[in-house]
Asks: 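My structure is below; once you've seen it, I'll send some questions.
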Amino acid sequence: MLNKITPDILQLFKQAINEDRLVSDPAVLADYAHDETEDLHYSPDLIALPETAEEVAALLKICHEHSIPVTPRGAGTGLSGGSLAIYGGLMIAMQRMNKIIAIDERNLQATVEPGVVTEELINLAATKDLLYPVDPASKGSCFIGGNISHGSGGPRVVKYGTIREYVLNLQVALPTGELIWTGANTLKYASGYNLTQLFIGSEGTLGIICKAVLKLIPKPKQDLLLFASFASNEEACEAVGAIFRKGIIPSAVEFMERKGVEWVISYDQVQFNLLPEMEAFLLIELDGNNLDELMLQCEEVNQVLEEKNCLDVLLADTANQKETLWRLRRTMPVSVKANSIYKEEDTVVPRATLPTLIRGIKAIGTRYGFESICYGHAGDGNLHVNIIKGEMTEHDWHHKLKEGIKEIFDLTIELGGTISGEHGIGLVQKEYMPLKYSALHLDLMRGIKKVFDPKGILNPGKIF
């Protein structure tokens with residue numbers, strides 16, 4: 001049973017952390033009552049702003065002893081309700097733990113605190129000719145700790161892998177108040193259970209990340225960007241798998257459909273000549289150290305695109321052209337949000353089944369009366385499905401739509417996929433977990449949770 005924060009417990013918090021970093025102002029609580037998930041608001045009763053791992057551990061120890069619910073909070077850019085305090089209690093917000101502690105150029109590693117903005121690490125690494133390739137769409141505002149907690153990806157997952165490939169070791173505050181390091185600062189790990197990987201994607205339900213040791217790689221010296229247009233979504237998606245079967249591994253392959261591009265052009269005033277016959281687009285990036293080799297790969301990609309009935313291919317020649325094309329993709333989520341009431345689902349399938357997935361999504365939308373705008377990281381089979389309310393009635397939007405979403409996930413699973421590629425489960429997706437996982441599978445997850453968090457205080461009500 002979870003308890004409320006009493007005056008006596010508040011006094012204990014004040015012994016663990018300076019009083020000026022305990023916030024109960026209703027206006028501030030309201031700011032922390034939502035993330036980027038649509039239409040959800042749950043206010044914490046109190047916010048703590050720790051500056052050290054020891055403070056985080058001390059707060060958790062008090063909460064464990066008195067059964068106070070705790071919600072870890074990063075930048076609040078999540079799309080699954082994972083950082084919402086649905087039981088009130090204490091929110092531990094990590095923005096003051098924001099130091100890049102070290103860049104180890106000899107071992108190609110970075111040690112960071114969880115409140116570091118992702119783009120700050122990317123930019124600092126780049127000044128040393130190093131690459132931190134995990135670059136979610138919200139990289140300019142999201143935190144490294146939140147990325148780790150949700151197993152974040154981004155466009156360059158297709159070549160470089162998700163954040164799972166770049167986390168070597170974590171310092172974690174356990175719900176019971178102890179601090180541990182989960183592994184070792186090594187590229188190989190065969191020393192018992194890999195707790196580091198267990199914490200990645202655990203969405204703050206097992207512990208709170210206080211430091212992370214991350215792998216860096218040498219930064220490629222050259223990149224080329226292609227923008228290909230197609231007469232249909234299916235043709236564009238067919239081309240994705242064909243590029244990889246040709247033996248080419250792009251650093252990004254992003255899919256966009258026409259309506260999304262139209263909304264970006266209107267929202268962000270991007271200058272782009274959108275011809276009537278263009279219905280779908282691929283943004284294809286190639287990177288490496290030899291420009292001549294990249295140009296040869298471009299020719300091979302062009303050949304594949306022609307075979308798949310591509311209408312036109314634009315090669316970005318300048319940094320400005322590249323920035324404009326990337327803006328089309330990166331601005332799409334905010335342009336959709338600004339344009340309409342929507343719900344976003346995060347499907348992922350083996351990439352060769354993408355044409356079947358998007359065709360099925362459109363058919364489901366027709367049956368249930370909703371429009372969808374799809375875009376995403378097609379190179380790794382990750383398709384973001386933005387369901388637009390449009391002309392749906394309030395009743396259908398709040399009740400009938402769930403059946404349509406369930407059908408989308410049923411199709412995704414039938415195609416060998418799963419219900420989230422990078423957004424996580426959190427609060428909004430947990431009701432769909434039994435579609436993918438058996439009762440036994442879910443019980444194993446609950447058992448793991450109980451080992452780490454015997455009183456169930458940490459981010460309760462999430463995932464299952």
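This chain uses plain numbering: 1 for the first residue, then up along the sequence.
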Asks: With sequence neighbours excluded, give me every ring pair (Phe, Tyr, Trp, His ring centres under 6.0 Å) pair touching residues 217-239.
Replies: Phe227-Phe272, Phe227-Phe281

Asks: Between Lys337 and Glu344 (salt bridge meaning N to carboxylate O under 4.0 Å), is one present in this structure?
Replies: no

Asks: Does the pair Asn386 and Tyr375 meet the rule for a side-chain hydrogen bond (donor to acceptor under 3.5 Å, both in side chains), with working shown?
Replies: CA-CA 8 Å; Asn386 287 262; Tyr375 54 83; 3.1 Å; yes

Asks: With a cut-off of under 6.0 Å to the ring centre and 45° to the axis, is Lys430 in cation-pi contact with Phe464?
Replies: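 Here Lys430 fails the 6.0 Å and 45° test against Phe464.
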
Asks: Please report the closest heavy-atom contact between Glu257 and Cys374, naming both atoms and the distance.
Replies: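 Reported closest heavy-atom pair: OE2-N, 2.6 Å.
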
Asks: If the condition is side chain to side chain contact (heavy atoms under 4.5 Å, CB included), which residues does Gln171 pass it with, not counting sequence neighbours?
Replies: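 By the side chain to side chain contact (heavy atoms under 4.5 Å, CB included) rule, Gln171 matches Ala53, Leu179, Trp181, Cys210, Lys211.
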
Asks: May I have all residue pairs that pass side chain to side chain donor-acceptor pair (under 3.5 Å) and include part of residues 191-200, sequence neighbours excluded?
Replies: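 Listed by first then second residue: Arg164-Gln197, Thr182-Thr196.
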
Asks: How would you list, by chain and number, every residue that makes a ring pair (Phe, Tyr, Trp, His ring centres under 6.0 Å) with Tyr342, sequence neighbours excluded?
Replies: none

Asks: Where do Val134 and Thr162 come nearest, in terms of heavy atoms and distance?
Replies: CG2-C, 4.4 Å

Asks: Show the numbers, then the answer: is there a salt bridge (Lys or Arg N to Asp or Glu O under 4.0 Å) between Asp268 and Arg327?
Replies: CA-CA 9 Å; Asp268 201 32; Arg327 269 175 64 199; 2.8 Å; yes

Asks: Closer than 4.0 angstrom, basic N to acidic O: yes or no for Lys322 and Asp223?
Replies: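 A salt bridge is present here (some side-chain N lies under 4.0 Å from a carboxylate O).
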
Asks: Under the side chain to side chain contact (heavy atoms under 4.5 Å, CB included) test, which residues partner Val28, sequence neighbours left out?
Replies: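 Testing Val28 for side chain to side chain contact (heavy atoms under 4.5 Å, CB included), a comparison that skips the adjacent residues, returns Val23, Asp25, Tyr32, Ile47.
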
Asks: Determine whether Phe409 and Tyr432 satisfy the following criterion, ring-ring contact (aromatic ring centres under 6.0 Å, His included), listing intermediate values before the conclusion.
Replies: CA-CA 8 Å; Phe409 286 143; Tyr432 302 109; 5.1 Å; yes

Asks: Tell me which pairs pass side chain to side chain donor-acceptor pair (under 3.5 Å) where either residue lies in residues 96-108, with sequence neighbours left out.
Replies: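 Listed once each, the pairs are Glu51-Arg96, Asp104-Asn107.
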
Asks: Tell me the salt bridge (Lys or Arg N to Asp or Glu O under 4.0 Å) pairs involving residues 277-290, sequence neighbours left out?
Replies: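 Residue pairs passing salt bridge (Lys or Arg N to Asp or Glu O under 4.0 Å), neighbours aside: Arg156-Glu285, Lys159-Asp287.
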
Asks: Taking only residues two or more places apart in sequence, or in another chain, which ones meet Glu254 in a salt bridge (charged side-chain N to carboxylate O under 4.0 Å, His left out)?
Replies: Arg329

Asks: If I compare all heavy atoms of Ala236 with all of Leu282, which pair ends up nearest, and what's the gap?
Replies: O-CD1, 3.4 Å

Asks: Looking at residues at least two apart in the chain, or sitting in another chain, which of them share a salt bridge (charged side-chain N to carboxylate O under 4.0 Å, His left out) with Glu394?
Replies: Lys389

Asks: According to the side chain to side chain donor-acceptor pair (under 3.5 Å) rule, which pairs have a member within residues 410-422, sequence neighbours left out?
Replies: Asp346-Ser420, His377-Glu422, His384-Glu422, Lys406-Asp410

Asks: State, to 0.1 Å, how close Ile209 and Met94 come at their nearest heavy-atom pair, and which atoms those are.
Replies: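 Result for this residue pair: O-CE, 3.7 Å.
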
Asks: If every non-hydrogen atom of Pro218 is compared with every non-hydrogen atom of Leu108, which pair is closest and at what distance?
Replies: CD-CD1, 4.0 Å

Asks: I need the full list of ring pair (Phe, Tyr, Trp, His ring centres under 6.0 Å) pairs touching residues 94-134, with sequence neighbours left out, sorted by first then second residue.
Replies: none

Asks: Provide the full list of side chain to side chain donor-acceptor pair (under 3.5 Å) pairs with a residue in residues 108-125, sequence neighbours left out, each pair given once.
Replies: Thr118-Asn147

